[in-house]
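Worksheet: one structure, shown below.
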Amino acid sequence: TSPATAATTELLSNGTFEGGIAGWSAPFGGTLAASSDARTGTGAIQISGRTGFQSGPAATVTGQLKTDRSYDLSLSIKYTGTPATHNVNVTLCTASRSACAPVVGGTATSGEWLTLTKTFTPAVDTYDYLFVETPWDTTVASFVVDDASLTVQSTTPTTPTVPEVPVVPGNLLPDGRFVDGFTGWQAPRG
């Protein structure tokens, strides 16, 4: 006998952007527009006029994520500009930004599509937005997003895990993920 195939449910509306950008917003600043610079098909979404590093195309996920389920994320990003490479993250965040967690990150090369994929279990079920951001840097770059998909599989629940925060190259602080200990951190006042 062959293993059963789990059914999946798409949680993002209009993730291919073939019909425009409806269902997407820029709650943390910036201007969204439809783009024909698509990875596949003829439509994508572009963010420009970003006001901060969290400014990016966002899909609302309020009430859709559960801590006892795993989700499959896939999203393509194209950065054009200088420097030659730029770090990007796909992040979950509450509307107040009191709880945020990067799901997956990578380094985009200017002029090339980068596809990020990750299977994850959210740490909390109160996230409102799934959005694309650039970690702190000296530039707040514009970029294009296409082929965004967030699916939940209707299978046996899993144990919640916290997504690992990626290392930010060039960060002036020691590694704050504390994966390998506390090197570089101290408590000088007790």
Side-chain angles (χ1 to χ4, degrees), residues 10-61 71-97 99-120 127-150 163-177:
E10 178 61 52
L11 300 179
L12 302 181
S13 66
N14 198 23
T16 63
F17 308 105
E18 297 306 310
I21 62 172
W24 289 77
S25 64
F28 306 129
T31 303
L32 297 180
S35 174
S36 60
D37 185 7
R39 184 182 153 279
T40 62
T42 59
I45 192 169
Q46 179 176 348
I47 181 90
S48 61
R50 295 176 66 223
T51 57
F53 303 105
Q54 286 187 326
S55 300
T60 301
V61 295
Y71 299 84
D72 294 319
L73 172 69
S74 179
L75 188 137
S76 295
I77 302 161
K78 184 178 183 183
Y79 151 72
T80 55
T82 56
T85 61
H86 209 297
N87 294 326
V88 294
N89 289 331
V90 180
T91 301
L92 289 167
C93 209
T94 59
S96 67
R97 294 190 252 185
C100 296
V103 177
V104 63
T107 302
T109 299
S110 184
E112 298 178 12
W113 284 99
L114 169 67
T115 299
L116 299 171
T117 59
K118 179 80 173 192
T119 298
F120 70 97
Y127 294 121
D128 295 302
Y129 298 111
L130 175 90
F131 65 98
V132 183
E133 67 175 344
T134 53
W136 186 89
D137 199 337
T138 56
T139 59
V140 183
S142 296
F143 53 86
V144 178
V145 173
D146 197 11
D147 301 331
S149 175
L150 178 64
E164 183 63 49
V165 177
V167 171
V168 178
N171 192 352
L172 298 177
L173 296 174
D175 187 356
R177 299 174 310 144

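Every value quoted in this text rests on a predicted model; they were computed, and no experiment measured them.
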**OP:** Give the minimum heavy-atom separation between E18 and T42, together with the two atoms involved.
**Re:** OE1-N, 2.8 Å
Original post:
Between atom OG1 of T60 and atom CG of L11, what is the distance when rounded to the nearest 0.5 Å?
Top reply: 12.0 Å
Original post:
Roughly how far apart are L150 CG and S13 OG, rounded to 0.5 Å?
Top reply: 11.5 Å
**OP:** Please tell me if the side chains of Y79 and T107 come closer than 4.5 Å, counting only heavy atoms from C-beta onward.
**Re:** no
**OP:** Taking salt bridge (Lys or Arg N to Asp or Glu O under 4.0 Å) as the test, write out the residues that go with R39, two or more places apart.
**Re:** D147
**OP:** Decide yes or no on side chain to side chain contact (heavy atoms under 4.5 Å, CB included) for Q54 and C100, but give the supporting numbers first.
**Re:** CA-CA 10 Å; Q54 286 187 326; C100 296; 4.0 Å; yes
Subject >> Qualifying residues under side-chain contact (heavy atoms from CB on, under 4.5 Å), relative to T51, sequence neighbours excluded >> reply: S55
Return a table of donor-acceptor pairs under 3.5 angstrom between the side chains of residues 29-36 and protein atoms on other chains or two or more places apart.
{"unit_1": "S35", "atom_1": "OG", "unit_2": "D37", "atom_2": "N", "d": "3.0"}

Original post:
Which atom names give the shortest non-hydrogen contact between G56 and F143, and what distance separates them?
Top reply: CA-CZ, 4.4 Å
**OP:** Determine whether the side chains of T117 and S74 contain a donor N or O and an acceptor N or O closer than 3.5 Å.
**Re:** no
Subject >> Shortest non-hydrogen contact between D146 and A38, atoms and distance >> reply: OD2-CB, 3.4 Å
Original post:
Residues in salt bridge (Lys or Arg N to Asp or Glu O under 4.0 Å) with D128, at least two apart?
Top reply: none
Subject >> Heavy-atom closest contact (A26 atom, I47 atom, distance) >> reply: CB-CD1, 4.0 Å
**OP:** Could you check L73 against L130 for side chain to side chain contact (heavy atoms under 4.5 Å, CB included), going step by step and ending with a plain yes or no?
**Re:** CA-CA 10 Å; L73 172 69; L130 175 90; 3.9 Å; yes
Subject >> Nearest heavy-atom neighbours spanning W24 and N14 >> reply: NE1-O, 3.5 Å
Subject >> Spatial distance of atom CG (L114) from atom CD1 (I77) [nearest 0.5 Å] >> reply: 6.0 Å
**OP:** Using the side chain to side chain contact (heavy atoms under 4.5 Å, CB included) rule, take T119 and Y71 through it: C-alpha gap first, then chi angles, then the decisive distance, then the call.
**Re:** CA-CA 5 Å; T119 298; Y71 299 84; over 6 Å; no
Original post:
Among all residues two or more places apart in sequence or in another chain, which pass the side-chain hydrogen bond (donor to acceptor under 3.5 Å, both in side chains) test with T109?
Top reply: none
**OP:** Identify the two heavy atoms, one from F28 and one from T94, that lie closest to each other, and give their separation to 0.1 Å.
**Re:** CZ-O, 4.2 Å
**OP:** Dump the intermediate steps for side chain to side chain contact (heavy atoms under 4.5 Å, CB included) on L75 and V145, then the final yes or no.
**Re:** CA-CA 7 Å; L75 188 137; V145 173; 3.8 Å; yes
Subject >> Residues which pass side-chain hydrogen bond (donor to acceptor under 3.5 Å, both in side chains) with E10, listed by chain and number, not counting sequence neighbours >> reply: S149
